[in-house]
**Q** 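Pasting a structure here, questions to come.
Just so you know, these numbers use all the heavy atoms, side chains as well, and skip hydrogens, waters and symmetry mates. If you read the sequence from its start, that first residue is 1, and numbering goes on from there. Not measured: the values here are computed from a predicted model.
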Amino acid sequence: MSPLAGKPASPAMLVNVPRLITAYYTDVPDPSVSEQRVAFGTSGHRGSSFGRSFNEWHVLAISQAICDYRAKQGINGPLFLGIDTHALSIPACASALEVLAANGVDVMLAENDEYTPTPAISLAILTYNRGRTAGFADGIVVTPSHNPPDSGGFKYNPPNGGPADTGVTGWIEAKANEFLKSGLKGVKRMPFEKALRAATTHRYDYLNAYVSELDQMIDMAAIRGEDIHIGVDPLGGAGVHYWGLIGERYHLNLTVVSDEVDPTFRFMTVDWDGRIRMDPSSSYAMQRLIGLKNRYDIAFACDTDHDRHGIVTHSEGLLPSNHYLAVAIDYLFQHRSKWSKDAGVGKTVVSSQMIDRVCARLGRTLFEVPVGFKWFADGLCNGSLGFCGEESAGASFLRLDGSVWTTDKDGLVPALLAAEITARIGRDPGEIYRRLARELGDPVADRVEAPATPAQKKMLSELSPQQVQCTDLAGEKIQSVLTKAPGNNAPIGGLKVIADGGWFAARPSGTEDIYKIYAESFQGEDHLRRIVKEAQAIVDAALAAGKNGQQSQPEENA
């Protein structure tokens with residue numbers, strides 16, 4: 001934990017944007033260095049031009065690989081292209097357009113070069129593809145999500161509108177790295193100005209298309225009728241101009257705390273490790289809005305591409321994301337009468353077991369998957385999943401009529417749902433969670449993060465049940481050790497250890513050079529600390545064993 005956590009960003013912390021952009025165009029990645037190759041993590045390729053892990057070569061190579069994938073799959077509809085507010089997103093979008101136009105792809109850019117939230121791209125894809133049997137659309141979102149200001153990111157969404165699955169990203173990643181290795185041989189490209197004027201380059205009104213359908217998701221009349229005073233902090237992200245229009249269109253008592261966009265994100269308070277990170281689930285990053293909580297009936301924020309939410313209540317301040325997911329599930333399945341009685345709940349393996357208990361009481365099926373929203377896309381599309389959420393404050397759910405909304409995370413609709421809940425129940429989501437805790441148990445949870453090299457992350461992703469030598473966890477018999485998710489039997493990229501009164505999961509981050517230990521206890525803070533301590537010992541032993549194993553390998557295999 002940095003002593004600067006939760007404090008305003010100092011000038012010395014701010015990224016030098018001119019140098020960052022210069023590095024994007026001038027530095028060339030070395031494909032023989034693993035950190036400089038294209039690598040799709042949990043959601044797209046991410047890196048920084050300072051580390052030669054995200055620059056022009058990467059974007060050109062990935063864009064051509066996506067064009068080749070589209071041709072291979074017969075995807076010949078338009079490609080919806082959107083960006084967030086990170087400094088590297090605009091040049092990366094320009095690079096992508098040069099390749100897409102040269103390949104004859106119909107590209108849908110935002111009107112007025114508006115920033116575009118991830119859910120607006122997903123909605124556009126699904127809207128275009130609805131009822132079609134051919135000529136499907138897909139999309140690209142240029143975003144590193146909530147990552148620090150020097151980061152860049154590039155994410156592909158296939159015709160199902162959600163994040164591409166590992167089979168798709170694996171193919172694109174391999175093809176892109178071939179282009180890097182060959183010095184971009186085979187990459188088609190045209191000058192940016194010519195690409196802008198190309199007959200295949202079009203404009204699309206993502207802003208109005210998204211906002212105009214929100215009353216099919218949220219009971220706006222209830223919010224308006226109770227005159228709920230809403231405070232919103234876009235955190236300088238892609239939805240910065242969406243919130244004002246939402247308030248105007250639906251006549252809501254909604255105040256945008258700040259509409260400032262600055263690629264240094266100098267207005268942020270810094271995260272747990274002393275870095276600027278636009279994470280709405282972090283109390284350290286959310287100090288500005290937490291400090292204003294008593295001015296509003298409900299307040300919320302979203303991350304940079306607006307696919308994550310943070311809910312600030314009178315009663316609790318920033319509501320932990322797991323708490324809000326439980327509240328949202330409990331509310332939605334009792335207030336969405338047109339949803340199928342068979343619609344289940346999707347959650348990731350590192351999300352709270354409080355969700356399990358809520359689902360059991362509601363009589364709804366639980367679908368537990370590895371980290372990554374891509375696992376939920378099909379269920380949201382066919383309506384078999386009514387709500388899907390993950391511990392890191394990402395969620396989406398069905399329309400009021402039970403049809404699909406988005407198949408990628410949407411930070412705006414869960415935020416607006418908090419206002420609907422407050423209006424219709426007469427209590428904020430923090431108060432409602434306290435009631436759930438009294439009825440179903442009151443868990444305490446923690447997430448420990450620490451730096452990890454790519455080699456260490458690889459070791460952690462390959463942890464096996466055999467590496468858990470103990471039979472007890474914090475004084476309780478271990479019930480199960482999972483390396484595959486119960487819902488779909490897919491590898492979780494780490495392991496999860498479950499006892500009767502608590503659990504932990506250990507896995508490397510798919511987006512940053514850190515590893516994470518998630519832990520939860522239904523027996524109090526002391527029990528949680530024991531779980532975390534024992535989990536850390538298991539991770540430390542695994543890293544040490546892996547390091548020793550590498551050192552003992554013959555030199556040619558090392």
**Q** Taking the six-membered ring for Trp, are His45 and Phe154 closer than 6.0 Å centroid to centroid?
**A**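 No, ring centres 6.0 Å or more apart.
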
**Q** Take Lys409 and Glu390, measure what salt bridge (charged side-chain N to carboxylate O under 4.0 Å, His left out) needs, and give me the verdict at the end.
**A** CA-CA 9 Å; Lys409 298 188 293 288; Glu390 56 184 19; 3.6 Å; yes

**Q** Does the Ser53 side chain pair with the main chain of Gln36, one donor and one acceptor, at a distance under 3.5 Å?
**A**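 Pair absent, no side-chain N/O of Ser53 close to backbone of Gln36.
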
**Q** Run the numbers on Lys347 and Asp356 for salt bridge (charged side-chain N to carboxylate O under 4.0 Å, His left out), then give the verdict.
**A** CA-CA 9 Å; Lys347 81 159 197 173; Asp356 304 44; 2.7 Å; yes

**Q** Quick one: which of His527, Glu476, Arg530 gives a side-chain hydrogen bond (donor to acceptor under 3.5 Å, both in side chains) with Ser521?
**A**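 Exactly one pass, corresponding to His527.
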
**Q** Under a 3.5 Å cutoff, is there a donor and acceptor pairing between the side chains of Thr304 and Asp84?
**A**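 No, no side-chain donor-acceptor pair sits under 3.5 Å.
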
**Q** Go through Arg275 and Asp271 one step at a time and tell me if the salt bridge (charged side-chain N to carboxylate O under 4.0 Å, His left out) criterion holds.
**A** CA-CA 6 Å; Arg275 300 194 71 188; Asp271 207 0; over 6 Å; no

**Q** Answer yes or no: are there more than 12 heavy-atom neighbours, outside Tyr331 itself, under 6.0 Å from its atom OH?
**A**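 Above 12, so yes.
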
**Q** Evaluate whether atom CG of Asp526 has more than 12 neighbouring non-hydrogen atoms of other residues, nucleotides or ligands under 6.0 angstrom away.
**A**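 No, because the 6.0 Å sphere around CG of Asp526 holds 12 heavy atoms or fewer from other groups.
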
**Q** Is it true that Thr118 and Asp305 share a donor-acceptor pair across their side chains at a distance under 3.5 Å?
**A**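 Judged by distance alone, the side chains do pair up.
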
**Q** Between Lys496 and Glu368, is the closest basic N to carboxylate O distance under 4.0 Å?
**A**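 Yes, Glu368 and Lys496 are salt-bridged.
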
**Q** May I ask you to establish whether Arg277 and Phe265 are in a cation-pi arrangement, using a distance under 6.0 Å from NZ or CZ to the six-membered ring centre and at most 45° from the ring axis?
**A**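 The answer is no, since Arg277 fails at least one limit relative to Phe265.
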
**Q** Of the non-hydrogen atoms in Ala92 and Tyr24, which two are nearest, and what is the gap between them?
**A**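 Between these two residues, the closest heavy atoms are CA-OH, 3.3 Å.
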
**Q** Should we say atom CZ of Arg435 is surrounded by more than 12 heavy atoms from elsewhere, each under 6.0 Å from it?
**A**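 Yes.
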
**Q** Does the side chain of Asn488 pick up a donor-acceptor pair with the side chain of Trp375 at under 3.5 Å?
**A**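 Their side chains do not contain a donor-acceptor pair, so the 3.5 Å distance test is not met.
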
**Q** Have Asp30 and Ser32 got a donor and an acceptor in their side chains that come within less than 3.5 Å?
**A**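 On atom types as modelled, these side chains qualify, holding a pair under 3.5 Å.
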
**Q** Does a side-chain heavy-atom distance below 4.5 Å link Tyr518 with Trp503?
**A**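 Yes, close enough: below the 4.5 Å cut-off.
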
**Q** Tell me which one of Pro91, Ser49, Pro263 satisfies side-chain contact (heavy atoms from CB on, under 4.5 Å) with Ile21.
**A**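 The side-chain contact (heavy atoms from CB on, under 4.5 Å) with Ile21 is passed solely by Pro91 among Pro91, Ser49, Pro263.
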
**Q** Classify the ring geometry between Tyr433 and His323 as parallel (under 30°), tilted (30 to 60°) or perpendicular (over 60°).
**A**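 Taking His323 first and then Tyr433, their aromatic rings lie parallel (interplane angle under 30°).
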
**Q** Decide yes or no on salt bridge (charged side-chain N to carboxylate O under 4.0 Å, His left out) for Arg52 and Glu35, but give the supporting numbers first.
**A** CA-CA 8 Å; Arg52 299 190 181 190; Glu35 293 85 350; over 6 Å; no

**Q** Aromatic contact between Tyr115 and His306, with the criterion being ring centroids under 6.0 Å apart: yes or no?
**A**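 No.
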
**Q** Minimum heavy-atom separation for Ala377 and Asn160, please, with both atom names.
**A**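 Nearest pair, atom of Ala377 first, then Asn160: CB-ND2, 3.7 Å.
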
